[in-house]
There are 2 protein chains.
Amino acid sequence: MAVTINDIAKAAGVSRTTVSRVLNDSGYVKKETREKILKSIQQLNYTPSAIARSLSTNKTNTIGVIIPEINNSFFGEIIKGISQVADEHNLNLILFNTDDSKAKELKALKLLKEQRIQGIMITLTYPEDGVNSEYLNTLKNLDIPVVLIDGHVECSNFSGVFIDHSKGAYDGTIALIKEGHKKIAIITGSINSRPAKNRLNGYKKALAANNIPINEEYIFYGDYKHENAYEITKKILDMKDRPTAIFAMSNMMVLGCMKALYEENIVVPDDMAIIGFDKIEALNIIGMNISFINGPTIEMGRTGMKLLIDNLKNKKETRELKRITLLPELVLKGSEKYIGKNKV
Amino acid sequence: MAVTINDIAKAAGVSRTTVSRVLNDSGYVKKETREKILKSIQQLNYTPSAIARSLSTNKTNTIGVIIPEINNSFFGEIIKGISQVADEHNLNLILFNTDDSKAKELKALKLLKEQRIQGIMITLTYPEDGVNSEYLNTLKNLDIPVVLIDGHVECSNFSGVFIDHSKGAYDGTIALIKEGHKKIAIITGSINSRPAKNRLNGYKKALAANNIPINEEYIFYGDYKHENAYEITKKILDMKDRPTAIFAMSNMMVLGCMKALYEENIVVPDDMAIIGFDKIEALNIIGMNISFINGPTIEMGRTGMKLLIDNLKNKKETRELKRITLLPELVLKGSEKYIGKNKV
DNA sequence: GTGAAAGCGCTAACAT
DNA sequence: ATGTTAGCGCTTTCAC
């Protein structure tokens, strides 16, 4: 890693200023001089130091990305989107995976500040205790733009990209209602998370809009996990006034439901309609067609990154708070159908 | 981002050297001085610049990670492992997702060189054309340690962590043989990829070890994708001398098989045994128990990172080529069973 | 068109 | 126990 701009200057018989000019395509350089320099660069296999450049220009062209669960393909897709746009703009990504730990998240934030990154994309880890978002705020005040990516926590004072969970749940519920369902059970995610609240809201709105009374007995509070949904589904099946459809707020919970239904020999949708949140690729491939509401993950990453880049262009003073909400897509596969048999 | 070490020095009435000393816990500093400095750091909310430090120390404490498919949880888990160990050693990760593009991969390599990273962890994208591994070699010669993470390509001149695909396939095949299967079909992944070759090898070895002749008609060349496996399975079901078991070389292909079996009302394992590579969480949860060979992904990330860190400690001259092979785990769920009914 | 010089924020001898 | 000085590799005025 020894060869520096000085070596090139020496080799080409010019000053390092001139070398810098050809490196950055700035200012005039005589054609022959440029070629001489380029040749030396080639011969010595020189690569300029981004570190030195950063120090000098006070720009790192690096974005910090903090997410809670890198091994969850939901976040993998978000990062994929982020990465695509970053690539187009020649920005590097420093990644932190917090494993849902607030402590790691805070540490990441501090390390990113050390690294003098230009901006931060973050999905805040649940539950929010205020400390980390406070630190985020100090970063923002330090002129580091922050873009939130959906997630369980919503800090209204940051720019961000979000999914319209309420609309998603609304659409899903409407789809069930249209099929003739009136007794629709819902299994929520952790109810103090933002998505779960919003989704429950959408569900209620859809019922209200169709003059279907909200039956609290049909609202089951889960935690996004499949074990829980399994137990709840068992209970649902035992209800005297049994629902004809289940709306589960996560793909994992759909799986839990399926397990319970499977064990009790309940056929979907003949004996029970079902609809969930988020894709389950495996089931689709083998032909178990479960309808679901799909969040635009890659798009969220892309949109978020673009938002951040826009922010980068403006000075702190003119930087405006911008929150973009993307609509999830309703993907109907037939599991919502109201088949005669399930008119219990 | 204005406050620097000089501001602290001024505020505390000392030289920046002394400040640097307390920052790095190096050399002696009088207790009172230290406290005065720490106080100033707090008051001014100072965070040292990693950039400036890197330039000065010629160390970035940053590792470059290049993987082909961030949205595949296989790689997500690898990164999770990498990230855990990096965190323990206070190393930052610069991530590049290549989307299986050789061009992006090369670009990433060059950007990492600019960033003066300390080392590289990479899963080379398939297919290998030689250019990128050549560039990797120049980096290695530049004293940047490189650790390969499994993948389709194997460059024998780099350190790396690999899965023993041959052993995995061997174990899986043996499990089927033990159950009494003799007619075992195998659907390979892209046969010029390293894992597919090795897995086919393991399959053959297992048969040979049990004096079961290798029937070329039972070897189907696939591409890791489910569509392909679906078609192949249809063919398998039509064979005059129909196999009693299918060994599929990827989880996606298992799904393709399942779809075909499902459509033809073939019950697993009663009418057809099946075993695959890599976990399919969704199926397990709902109770469709498919046996599989599981690669230790997180562990691979961890081991690879540790290997890299070991390399970092040594000078180029003493750096030794070290290749670690991890054993995959055979997870039996019952789908491998030889049930009377499937003796076609 | 090209070069000299200063400076980015830090660390690391070397003094004292 | 603390300060002085030089230097890391680059960019950026400002001269010429």
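Chain naming here is simple, since letters A, B, ... match the order of the sequence lines and numbering starts at 1 in each.
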Return the value, rounded to whole Å, for the distance between atom [atom1] of [X] and atom [atom2] of [N].
X	N	atom1	atom2	value
K31(B)	dT2(D)	NZ	P	14 Å
K113(B)	dG9(D)	NZ	C1'	14 Å
Q115(A)	dC8(C)	CD	P	20 Å
N58(A)	dC10(C)	CG	P	11 Å
R116(A)	dG9(C)	CZ	P	9 Å
L55(A)	dC8(D)	CG	P	13 Å
E35(A)	dT2(C)	CD	P	12 Å
R34(A)	dT2(C)	CZ	P	9 Å

Classify S54(A) by what it touches in the nucleic acid, base, sugar-phosphate, or nothing, heavy-atom distance under 4.0 Å.
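Nothing, no heavy atom under 4.0 Å.
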Given [N], is OP1 or OP2 found less than 4.0 Å from the side-chain N or O atoms of [X]?
X	N	answer
S49(A)	dG9(D)	no
Y28(B)	dG3(D)	no
T33(A)	dT2(C)	yes

Which residues pass the salt bridge (charged side-chain N to carboxylate O under 4.0 Å, His left out) test with K80(B), not counting sequence neighbours?
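With neighbours one apart ignored, the set is D99(A).
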Has E134(B) got more than 12 heavy atoms of other residues, nucleotides or ligands less than 6.0 Å from its CD?
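No, the 6.0 Å shell around CD holds no more than 12 heavy atoms from other groups.
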State which residues pass side-chain hydrogen bond (donor to acceptor under 3.5 Å, both in side chains) with D7(B); sequence neighbours excluded, sorted by chain then number.
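side-chain hydrogen bond (donor to acceptor under 3.5 Å, both in side chains) check on D7(B) returns nothing, list empty.
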Set of residues satisfying side-chain hydrogen bond (donor to acceptor under 3.5 Å, both in side chains) with respect to S20(A), sequence neighbours excluded
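Expected list: N24(A).
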Degree of bending in the helix from dG1(C)-dC16(D) to dT16(C)-dA1(D) once both end axes are built from five pairs, to 10°:
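Here the helix ends are tilted 40° relative to one another.
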Is the terminal nitrogen or CZ of K104(B) (NZ for Lys, CZ for Arg) located under 6.0 angstrom from the six-membered ring centre of F96(B) and within 45° of that ring's axis?
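Not flagged: K104(B) not positioned over aromatic ring of F96(B).
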Partners meeting side chain to side chain contact (heavy atoms under 4.5 Å, CB included) with R319(B) (sequence neighbours left out):
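Once residues adjacent in sequence are excluded, the partners of R319(B) under the side chain to side chain contact (heavy atoms under 4.5 Å, CB included) criterion are D143(B), P145(B), N311(B), K316(B).
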Non-neighbouring partners of R16(B) that pass side chain to side chain contact (heavy atoms under 4.5 Å, CB included), sequence neighbours left out
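Per chain and number, R16(B) pairs via side chain to side chain contact (heavy atoms under 4.5 Å, CB included) with I5(B), N6(B), A9(B).
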Checking contacts here: which listed nucleotide (dG1(C), dG9(C), dG3(D)) is nearest the side-chain heavy atoms of T18(B)?
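Of all the options, the side chain of T18(B) is nearest to dG3(D).
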Show every salt bridge (Lys or Arg N to Asp or Glu O under 4.0 Å) that has at least one partner inside residues 32-53 of chain A, sequence neighbours left out.
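Salt bridge (Lys or Arg N to Asp or Glu O under 4.0 Å) check on residues 32-53 of chain A returns D25(A)-R34(A).
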Provide the full list of salt bridge (Lys or Arg N to Asp or Glu O under 4.0 Å) pairs with a residue in residues 296-310 of chain B, sequence neighbours left out, each pair given once.
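For residues 296-310 of chain B, and leaving out neighbouring residues, the salt bridge (Lys or Arg N to Asp or Glu O under 4.0 Å) pairs sorted by first residue read E88(B)-R302(B), D310(B)-K313(B).
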Once base and sugar-phosphate atoms are separated, protein heavy atoms under 4.0 Å mark nucleotides 11-16 of chain D, 5' to 3', with B, S and - as BB----
